[in-house]
Amino acid sequence: MAKSNNIPQIKNEEQYEALVGKGYSKEKAARIANTENAGKKGGKASTYEDRTKDELYEQAKKIGIEGRSKMNKKELISALRNN
């Protein structure tokens, strides 16, 4: 019997569980755990706190966060982390 394509598969189950445990949504945790290099550290990007509000705004714009024009830096960081 062929495998059903309707059942979601997690490539890195350990990472998925850890992310859900940290409070990530199941959808976001699955996206991260299913990336090609799941579980490997990149670490090349600066932290959100080190970026300017304008840089955070541009990142929020790229990924389509609603209401970003009215957000302060702290709110932009929160929205980016929880998207």
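Note that the numbering runs from 1 along the sequence shown for the chain. Basis for what follows: all heavy atoms, side chains included, without hydrogens, waters or symmetry-related copies.
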hydrophobic_cluster_shared for Ile32 and Ile63, side chain cutoff 4.5 Å: no

State the CE-NZ distance between Met71 and Lys53, to the nearest 0.5 angstrom. 10.5 Å

Rounded to the nearest 0.5 Å, what's the gap from OH on Tyr48 to CG on Leu56? Could you check? 8.0 Å

Look at Glu49 together with Arg81 and state whether they make a salt bridge at an N to O cut-off of under 4.0 Å. yes

Would Ile77 and Lys74 count as a side-chain contact (heavy atoms from CB on, under 4.5 Å) if you check the C-alpha gap in whole Å, the side-chain angles of each, and the deciding distance to 0.1 Å? CA-CA 5 Å; Ile77 291 170; Lys74 186 176 181 179; 5.7 Å; no

Any chance you could measure Lys73, atom NZ, to Ser78, atom OG, to the nearest 0.5 Å? 14.0 Å

Got a second to check how far Leu80's CG is from Glu75's CD, nearest 0.5 Å? 12.0 Å

Hey, are the side chains of Lys11 and Tyr16 touching, using non-hydrogen atoms and a 4.5 Å cut-off? no

Exercise: identify the closest heavy-atom pair between Ile65 and Arg68: O-NH1, 2.8 Å

Hey, is OH on Tyr24 packed in by over 12 heavy atoms from elsewhere, all under 6.0 Å? no

Enter the distance from Gln15:CD to Asn34:CG here, rounded to the nearest 0.5 Å. 9.0 Å

Report yes or no: does Glu17 contribute a side-chain atom to a donor-acceptor pair with the main-chain N or O of Glu14 at less than 3.5 Å? no

Whether Glu27 and Arg31 form a salt bridge (side-chain N of Lys/Arg under 4.0 Å from carboxylate O of Asp/Glu) is what I want to check. yes

Does Lys28 reach the side chain of Leu19, with side-chain heavy atoms less than 4.5 Å apart? no

